[in-house]
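Naming convention: chains lettered A, B, ... in sequence-line order (proteins, then strands); numbering from 1 in each chain.
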2 protein chains.
Amino acid sequence: MSNYRTFDTVELSESFKALSNPNRLQIFSRLLSCCEPGTACSADTVSSFCVGELGEDLAVAPSTLSHHIKELQHAGLIKTQRNGKNIECFIDPNKVKILKEFFSGSILAKDTEN
Amino acid sequence: MSNYRTFDTVELSESFKALSNPNRLQIFSRLLSCCEPGTACSADTVSSFCVGELGEDLAVAPSTLSHHIKELQHAGLIKTQRNGKNIECFIDPNKVKILKEFFSGSILAKDTEN
DNA sequence: ACTATAATTCGAAATATGTCGAACTATAGA
DNA sequence: TCTATAGTTCGACATATTTCGAATTATAGT
């Protein structure tokens, strides 16, 4: 038990909630695709897309797109940074690592209630 | 591009939706914990808990628990099987594998719209 | 200063989700 | 057959989510 890493159930469920909308998943997946095939993103291989580019193939209003980007950000899945008129978006590789580890069974739920 | 595996965005987002509720995540995580540390579940290592056991540390009504189990099932994350008075629940290792691969960047979104 | 482009904020509306209790079904055992 | 245990179905209700359009802010270029 003691050599497992633990995670906060609520925090992790919020990550999954952010990916539970098809439009947001598509955004995230596009950002994730910057990585080498078969490997997780590492801090020095991540690239970025600006908000407008991420909305290109999505058929949602700009206000909706903006809302989704913010949700992904609040969940800690992506980071943003202004670059002139654009806001650049990129994956947080550490968060991705945690999510991958969850499905590998190498971390366990930390019970936050009672 | 062609040596990537692809996934259906809507189907994958439904898996994440199933895990987006803290109670459901806890249920899933308990079932996932049957695996060897550091490895994914394989078909011959999965064990099971019955519905009642999964609700033990959850503080929800039986009807709510039943609802959550069904959601996990519909998303393809778990399977169930009656055993006397009990319904045994267990992880689908193949689904878990797909989710892990998604975060590894080794599969890409298959665009289902347009 | 004015204009165009990029993105956000706000308020509203439709729809989906989480939860419960009451009533019900299925099974095992006396 | 009667009873207890395990789980499900149904209907209701409160809350959350998704989405939009209109108005607004930020920046770069003229």
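Separating the CD atom of A/Q81 from the C1' atom of D/dA26 is a distance of 16 Å, rounded to the nearest angstrom. The nearest whole Å value for the distance from the CD1 atom in B/I69 to the C1' atom in D/dT9 is 16 Å. Atom NE2 in A/H74 sits roughly 13 Å away from atom P in D/dT17 (whole-Å rounding). Rounded to whole Å, atom P of D/dT18 lies 13 Å from atom CG of A/L58. Rounded to an integer number of Å, the gap from CD of A/E88 to C1' of C/dA7 is 13 Å. B/F16 places its CZ atom 18 Å from the P atom of D/dT17, with the value rounded to the nearest Å.
Atoms OG and CG, from B/S20 and A/L19 in turn, are 10.0 Å apart once rounded to the nearest 0.5 Å. Rounding to the nearest 0.5 Å gives a distance of 12.5 Å between CD1 of B/I98 and OG of B/S104. In this structure, B/I27 CD1 and B/R30 CZ are separated by 10.0 Å, a value rounded to the nearest 0.5 Å. With values rounded to the nearest 0.5 angstrom, B/D92 atom CG is found 11.5 Å from B/L31 atom CG. The distance from the CG atom of B/L32 to the CG atom of B/L77 is 10.0 Å, given to the nearest 0.5 Å.
For B/F103 and B/F16, the distance between ring centers is under 6.0 angstrom.
For A/E11, the salt bridge (Lys or Arg N to Asp or Glu O under 4.0 Å) partners two or more places apart in sequence, or in a different chain, are A/K95. Residues satisfying the side chain to side chain donor-acceptor pair (under 3.5 Å) criterion with A/E88, sequence neighbours excluded, are A/S48.
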Atom pairs under 3.5 Å, N or O on each side, protein against nucleotides 13-15 of chain D: can you list them with distances?
none

Within the sub-3.5 Å range, which N or O atoms of nucleotides 1-6 of chain C have a protein N or O partner, and how far apart are they?
unit_1, atom_1, unit_2, atom_2, d
C/dA6, O3', A/K85, O, 3.4
C/dA6, O3', A/N86, OD1, 3.1

Collect all protein-nucleotide pairs involving nucleotides 13-20 of chain C in which both atoms are nitrogen or oxygen and the distance is under 3.5 Å.
unit_1, atom_1, unit_2, atom_2, d
C/dT17, OP1, B/K17, NZ, 3.2
C/dG18, OP1, B/N21, ND2, 3.4
C/dG18, OP1, B/R24, NH2, 3.2
C/dG18, OP2, B/R24, NH1, 3.0
C/dG18, OP2, B/R24, NH2, 3.4
C/dT19, OP1, B/N23, OD1, 3.2
C/dT19, OP2, B/H68, NE2, 2.6
C/dC20, OP2, B/A61, N, 2.7
C/dC20, OP2, B/T64, OG1, 2.9

Hey, can you pull the donor-acceptor pairs under 3.5 Å for the side chains in residues 63-72 of chain B, sequence neighbours left out?
unit_1, atom_1, unit_2, atom_2, d
B/H68, ND1, B/R24, NH1, 3.1

Which pairs would a plain distance check flag for residues 78-86 of chain B, meaning a side-chain donor or acceptor within less than 3.5 Å of a matching protein atom at least two apart in sequence or in another chain?
unit_1, atom_1, unit_2, atom_2, d
B/T80, OG1, B/Q73, OE1, 2.5
B/R82, NH1, B/G84, O, 2.9

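Between A/K70 and the phosphate of C/dT9, there is a side-chain N or O to OP1/OP2 separation shorter than 4.0 Å.
Under a 3.5 Å cut-off, the side chain of B/E53 and the backbone N or O of B/C50 do form a donor-acceptor pair.
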